[in-house]
Structure formats: structure tokens, C-alpha cells
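Reading through the C-alpha cells given below for one structure.
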Amino acid sequence: MAYEKVNELNLKDTELRLGLPGTEQVKEEQDVSCVRSNKRQLQSDNEEESTTPPAKTQIVGWPPVRSYRKNSNNNNSVSYVKVSMDGAPYLRKIDLKTYKNYAELLKALENMFKFTIGEYCEREGYKGSEVVPTYEDKDGDWMLVGDVPWDMFSSSCKRLRIMKGSDALALDSAL
Amino acid sequence: MAEEDLSEMAKDVELHLKLDPPLSANNKPSRSFKTSSSSSPPPCDTSHVLENVLENVLKFLESRRDRNAVSLVCRSWYRVEAQTRSEVFIGNCYSLSPARLARRFTRVRSLFLKGKPRFADFNLMPPDWGARFAPWVAVTAKAYPWLEKVTLKRMFVTDDDLALLAASFPGFKELVLLCCEGFGTSGVAVVANKCRQLKVLDLIESEVTDDEVDWISCFPEGETHLESLSFDCVESPINFKALERLVVRSPFLKKLRTNRFVSLEELHRLMVRAPQLTSLGTGSFSSSTENAGQGEQEPDYASAFRACRSLVCLSGFRELAAEYLPAISPVCANLTSINFSYANISPDVFRPIIRNCHNVRVFWALDSICDEGLQAVAATCKELRELRIFPFDPSEDSEGPVSGLGLQAISEGCRKLESILYFCQRMTNVAVTAMSENCPQLTVFRLCIMGRHRPDHVTGKPMDDGFGAIVKNCKKLTRLAVSGLLTDKAFSLIGEYGKLIRTLSVAFAGDSDMGLRYILEGCPKLEKLEIRDSPFGDAGLRSGMHRYNDMRFVWMSSCRLSRGSCSDIARALPSVVVEVFGSDDDDVDVDEDNADYVEILYMYRSLDGPRKDAPKFVTIL
């Protein structure tokens with residue numbers, strides 16, 4: 001797969017893969033919800049092991065810093081969300097903080113997934129597009145991208161889903 | 001602790017029923033107390049007088065340990081004490097039922113309830129485990145109409161609970177929610193609006209959902225009684241104009257902790273209107289982007305700080321723009337408490353500031369200040385009592401800007417140190433030993449070497465000697481958290497020398513069951529034991545059978561426990577509730593091999609047996 005640079009992002013960095021961590025230099029993000037610790041911890045991780053590849057399995061709840069603190073520290077740096085597109089085999093990940101508004105975000109998504117999206121209008125959503133961008137917010141509800149002010153969106157968006165075809169039409173007509 | 005003394009009560013009331021009454025202290029053989037006082041006339045009058053006197057005397061007694069002791073003297077004293085205790089502390093909300101609380105204490109004004117065990121903070125416990133405030137508010141609403149103060153820690157509190165609270169207690173004055181969750185801004189709004197006598201509303205490190213309610217505007221119009229308002233953990237914007245108006249009409253406001261949605265300009269406006277503040281949470285401490293580059297004259301921040309002559313406590317700095325930090329200089333000499341733990345401050349920016357903070361007693365910061373910054377603290381803060389250094393990058397493989405160097409420097413400069421929490425990547429026994437020798441006043445020593453099983457990085461040896469020195473030399477130590485590479489020897493030292501230790505935290509440490517045995521056969525004052533990912537198994541657990549009744553709780557996760565031994569404990573100790581569960585809230589593991597394995601054990605003493613609100617994923621043995 002060719003990896004192009006979009007908005008100076010090396011997309012290889014943001015791609016989610018199914019391989020085990022450590023098989024490649026995969027950058028682990030800070031607050032990924034972590035792997036369950038091994039049920040039987042019989043081996044000892046001693047000093048030699050810890051100098052091996054940086055992508056060590058994240059242990060749940062270690063170091064014992066409240067997630068509240070971890071989030072606060074990360075506030076200024078990154079805000080990664082997963083992006084899925086109906087029909088595409090891979091998920092992608094983008095850092096919402098790199099975009100200042102919807103126009104930039106949608107442009108980046110168009111480039112990433114090779115689709116075109118129509119104009120957003122408040123009343124009718126993305127009427128006439130082949131795809132409809134949606135997102136899951138903090139409450140777990142699926143919303144149409146563009147309805148709320150950008151700042152509110154970027155702080156409440158948990159993941160993105162580009163819907164296409166009949167799903168898109170159904171969503172549009174339901175709105 | 002109420003639940004401690006209530007269980008003592010269960011034992012001792014039995015005994016005391018057979019005591020001689022205080023008046024006949026002639027060492028005659030015992031006569032049993034009659035349970036109803038009405039059957040004995042002359043002694044009855046005297047005892048009523050005595051009870052009245054006692055009541056008036058006990059009003060002055062506040063310490064709960066003293067009150068627990070008083071309640072054990074005899075039945076009469078027990079009764080009077082129960083009627084005069086106005087502040088109740090319950091260290092584990094499941095150690096007794098709300099009904100029992102209401103039966104014993106009749107005039108409670110202040111309630112402090114703690115719920116989940118501390119390891120729940122680190123995602124080790126599945127959500128919806130329990131610790132609901134609901135049953136407590138329901139009972140206390142009827143039992144204590146004059147309730148004034150509620151403090152909750154690690155409890156699950158809903159908006160409905162808050163609404164019931166606000167509706168049930170007309171004289172309600174203080175609400176403090178520490179590390180709580182389950183509620184949102186709509187619940188906060190109800191409290192703000194309905195509790196007309198409210199003096200304190202402190203939301204601290206709690207998760208508050210954004211219901212998009214303008215709760216600040218919900219405070220009633222007119223002068224308020226507010227003395228303390230803390231909402232730095234609320235992760236949603238607030239109506240600043242309403243906040244400003246609120247501050248203006250709150251002449252008694254002494255503590256104000258704003259959240260990161262309050263910009264520096266806005267903070268300035270608040271400070272100018274409330275120069276009487278003693279404690280200030282500074283919000284973002286950066287300029288809002290709207291003002292950037294507008295060429296408008298910037299407010300004189302230093303002057304606003306100078307005007308706050310009573311300011312002794314500073315926190316916030318959530319999105320610190322370092323160039324503005326010097327604005328706090330006018331108050332530095334007066335500060336007794338500084339919390340920089342949300343600010344990524346480099347040593348260069350830090351040193352000129354801390355140089356003036358001679359009176360600081362409590363200091364929290366990120367490790368971004370580096371060993372150099374700690375040396376600066378050591379040079380200036382001779383009155384330091386409590387230090388907490390948090391990691392900016394909380395992972396195992398990061399650089400590690402602080403080390404034994406910083407720790408040793410602090411120990412040499414801050415001799416009055418009582419409490420320390422220190423995160424680092426690497427440590428030496430020498431540095432830890434130095435602290436044990438230089439800081440004899442230490443009561444709390446919590447060292448977190450973030451690399452698991454990491455030995456002394458200079459000698460390559462385990463950290464046994466360092467922690468050993470701590471328990472040997474720090475004779476007042478009541479709380480200890482260990483880390484790094486530790487053998488069973490470390491635990492033998494802790495068991496032997498940790499005579500006053502009440503709370504012990506262990507993670508990724510020890511070699512065998514002996515480690516756990518050493519602790520349980522030593523440490524006579526141990527009340528709270530939390531262990532994770534350590535090779536302690538059934539034999540170790542069983543060795544503590546004689547003590548679990550006298551402890552508040554034991555948590556063991558990812559150790560080597562089997563269901564069998566946990567069941568044995570449950571059977572042998574009926575007043576200990578033994579919960580086992582997994583770290584997910586999935587239904588019981590179908591995995592045959594692991595069916596006997598206990599991922600998480602949480603057991604605690606209780607007067608009222610197993611709780612009725614346990615979720616499906618929890619098994620109570």
C-alpha cells in the first residue's frame with residue numbers, strides 16, 4: 001500500500017494494523033484502552049527485556065496515574081480518533097487537533113478515502129453526496145458531522161464513520 | 001472509623017452488658033446490667049444526671065478515635081456518645097448498611113463516606129461495581145433532616161441523588177465530591193439552586209458529564225453564603241459572566257478553583273473582584289486565542305496577584321503559557337500550598353519562581369521540573385511537609401527527568417518532610433536510604449518506579465535495602481507504597497519494622513507466598529492492603545486468616561489466588577465479605593482452564609453481611 005503524506009501526516013504512523021505490537025515500530029498512543037494483563041504472570045520482566053523495542057504491551061492501570069491526569073497532560077498534544085469507511089478493509093486514525101475547522105477535516109477525509117462529498121447544509125445534511133460523514137459522540141450517539149460548532153465537535157467526537165450508499169440515504173432522510 | 005468501632009461494638013457490647021456499673025467499683029463479682037433502665041429507681045436518677053453531664057462534656061470531643069473509645073466504656077456512655085456524635089466517618093460504605101447508621105447515631109450533621117477501593121482509579125475495576133450513594137441519601141434524608149455536610153470519596157452519585165439531597169436538607173451547607181462519578185452538570189445545578197445555605201461546593205477530581213446546563217447561573221440571586229467553590233475538574237465550558245456576577249455577590253468567598261475554560265483575562269477579572277481569596281485555582285492560565293494579536297493592552301496580572309494579600313494556595317495552570325507565570329511572584333512569599341501538577345514547566349521557568357516560596361508546605365508538580373527543579377525546591381522550601389511529583393509522560397519507557405538525585409536533594413533540604421509521592425523511571429537504594437535518614441518525620445512514603453521490576457540502576461541490586469531503611473528509620477510511617485525490583489526480603493523487613501503502617505500498596509513485587517506472609521504476620525496496625533500483579537498465592541492469603549476481621553479491606557489482583565482458598569476464608573470469617581471478579585464486566589469466564597483462577601479479590605469487613613446490589617460479574621463467596 002502506498003503511503004502518501006497528507007497534511008504533512010505520514011499516514012503509516014496513524015494506520016491501525018492487526019499485527020502484534022513489537023513486530024514493527026508501531027507508535028502506541030497514550031490512552032489506548034489497554035490490553036488485559038496476563039492472567040498468570042509467571043515470567044519476570046527484568047532489566048534486559050525492558051531495553052528491547054519501544055512498543056511494549058501496555059499494562060492496564062500502570063503506572064498508577066489516574067486517567068484524569070493522563071488526559072489533562074495530553075490535552076494540548078493529540079486527540080486521535082478512529083475513522084472507518086463502509087466497505088474499506090482498514091480503519092484509519094487521525095488527530096483531530098491538526099484541523100481547525102470542518103472544511104480541513106472533510107478535505108483530509110476525502111483524500112484519505114478517495115471520495116467526494118457534497119455541500120453541507122443545515123436543513124438537509126449532505127444531500128446529493130455519495131457518502132455521509134458521521135461521528136460517535138461522548139454519549140455514544142451517532143451524529144452528523146457538521147451540525148455542532150467545530151470546538152464542540154472536536155472535544156466530543158470519539159470516532160468517525162463514513163457511511164455510503166443506502167445507509168447514507170436512510171440517515172439523511174431520517175434527519 | 002465508625003465501621004471499626006461498630007464491629008468493636010458488636011463484640012464489646014456483649015462484654016459490657018456484664019460490667020459493674022461505675023458507682024459500685026468495689027470489685028465485687030459482677031452483676032449484669034439490666035437492659036432497661038426503668039427497673040432501678042435511685043440509681044436511675046443519678047444515671048440520668050450523669051448522662052446529661054456526659055452529654056455536655058462529649059460535645060467537645062471531636063476526634064472519632066476518642067469517641068470510639070468513649071463509646072466502649074459502658075452502655076450508658078455508648079448511648080450518650082451515639083446521641084452526641086455529629087460527624088460520622090465511614091471508611092467503606094459496604095461495611096454497614098445505612099439503616100444501621102441511622103439506628104445508632106441520631107443527630108448526625110456531617111457524613112463522610114468512602115466507596116470504591118483506590119485501585120479502581122486505575123481502571124482495575126469494571127464499571128458499575130457499586131458504591132452507590134443512592135441508598136445512603138434515601139435513608140439519611142429521613143433520619144437526619146438537619147444534615148449539613150456530606151463528603152463522598154470514590155462513590156457513584158447520580159443527578160437524582162443530588163436532587164434528593166438538595167430537596168431533603170434545608171440547612172445543607174457543604175458538599176464535597178472527591179473522585180466521584182455518575183452525575184453531571186444538571187445535578188450540580190440542582191444543588192446550586194436549591195441549597196440556599198450552601199457554603200461549600202467542591203468538585204475535586206470527579207468526572208462530571210456535560211449536560212450542557214448553565215449551572216453557574218442556577219445559584220439564586222442575591223448575596224450567597226459561598227465560602228468555597230471548586231470546579232476545576234469540570235471538563236465543560238461555563239458561563240463566565242454568570243461566574244463573575246456570582247463572585248461579586250459572594251462576599252464570604254475564600255476559595256475559588258476554576259476550570260481550564262477560564263482564561264487568564266477572565267481570571268484577572270475574577271481576582272480583581274475577589275481580592276479576599278485565600279485559595280485560587282487559576283484555570284487555564286493562558287490567554288484566550290481571541291485576544292491574541294489584538295493589540296489591546298494586556299491586564300496587569302502581577303498587580304492583581306499583589307492585591308490578593310491573603311492568597312496562600314495556588315493551583316490550576318491547566319494550559320500554562322509559561323511567559324505569564326512570573327505574574328504570581330508578588331504572592332510567592334505567602335504561599336503555603338502550590339499545585340503545578342497540570343503544568344509542563346521546565347527547570348528554567350521554574351527556578352526563578354520557587355526561589356521566593358519560602359513558606360511552601362505542600363508542593364505538587366510534574367517531573368518536567370527535573371532534578372534541577374527539585375534541587376531548587378530543596379534549597380528554598382525549608383518548611384515543606386508534603387511533596388508530590390507526577391510523571392508528565394506516564395509510561396514505562398520514557399526518559400525520566402527525575403531520579404534519585406532529586407530525591408536525595410529534597411531529603412537534604414526539606415528535613416520536615418512528612419509525606420511524599422514520587423514517580424520516576426529509575427532509583428537507587430542510596431537515595432532512598434538517604435531520605436529515610438534525613439526525614440524522620442515521614443508518615444507517608446510512596447515511591448513509584450515506573451519500570452516494573454526495575455532494580456537499583458547503579459548497583460543492579462533489588463530495592464530491598466532502600467525500602468528496608470525507610471521502615472527501619474521512619475518510625476512514624478503509616479502509609480507505604482513500594483515498587484521496583486523487590487524480593488521477599490523487602491517484605492520481611494516491612495513486616496518486622498512497619499509497626500505503625502496502616503496502608504500498604506504493592507505492585508509487581510516479591511518472589512513467593514512468603515512475601516505476603518511476612519506482611520500479614522507482621523505490620524500489627526495494617527488496615528488496608530492493596531496488591532497487584534505479585535506472585536502471592538493461597539498459602540500467603542491463608543496466613544492472614546487471623547487478621548482479616550480487624551482490617552478495613554484487602555485487594556489482590558492478578559496474583560496467584562484460587563477460588564478454593566477465597567471460599568475458605570469466606571467460610572471461616574462470616575463477618576468478612578469476600579468478592580471475586582474479573583477485570584471486565586463480561587459474564588463469568590467460560591474458559592475452563594481459568595475457571596478456578598481469581599483475577600481480582602476484594603474483601604472487607606462488614607456488619608451487615610454481603611451487599612444486595614452486587615452486579616452480575618461479582619461473585620460473593
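What you see below is based on every heavy atom in this structure, not just the backbone, and it leaves out hydrogens, waters and symmetry mates. Lettering of chains follows the sequences in order, A, B, ..., and the numbering in each one begins at 1.
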Exercise for the section: Write down the atom of A:Gly61, the atom of B:Arg532, and the distance for their closest heavy-atom approach. Expected result: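 Closest approach of A:Gly61 to B:Arg532: O-NH1, 3.0 Å.
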Problem - B:Cys448 versus A:Pro64, closest heavy-atom pair with distance - result: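 It is SG-CD, 3.6 Å.
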Practice task
Go through B:Asn123, B:Ile449, B:Asp121 and name the one with the most non-hydrogen pairs under 4.5 angstrom from chain A.
Solution key: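 Highest number of pairs under 4.5 Å: B:Asp121.
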Working to the nearest 0.5 Å, report the span between [atom1] of [X] and [atom2] of [Y].
{"X": "B:Asp210", "Y": "A:Lys138", "atom1": "CG", "atom2": "NZ", "value": "6.0 Å"}
{"X": "B:Glu212", "Y": "A:Ser156", "atom1": "CD", "atom2": "OG", "value": "8.5 Å"}
{"X": "A:Ile59", "Y": "B:Ser395", "atom1": "CD1", "atom2": "OG", "value": "13.0 Å"}

Practice task
For B:Glu207, look at atom CD and say whether over 12 heavy atoms of other residues, nucleotides or ligands are found less than 6.0 Å away.
Solution key: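 Open: at most 12 neighbouring heavy atoms sit under 6.0 Å from CD of B:Glu207.
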Handout entry: Residues, nucleotides or ligands: over 12 heavy atoms within 6.0 Å of B:Lys461 NZ
Key =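 No, the 6.0 Å shell around NZ holds no more than 12 heavy atoms from other groups.
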Practice task
Measure from the side-chain N and O atoms of A:Trp62 to the backbone N and O of B:Phe508, and report whether any donor-acceptor pair falls under 3.5 Å.
Solution key: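 The answer is no, because no donor-acceptor pair under 3.5 Å joins these two groups.
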Practice task
Could you tell me which portion of B:Phe423 (side chain, backbone, both or neither) has an atom closer than 4.5 angstrom to a non-hydrogen atom of chain A?
Solution key: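 For B:Phe423, the contact with chain A is made by the side chain alone.
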Problem - Row check, B:Tyr342 ring normal vs A:Arg69 NZ/CZ: under 6.0 Å, within 45° - result: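 Relative to the ring axis of B:Tyr342, which defines the angle, A:Arg69 lies inside both limits.
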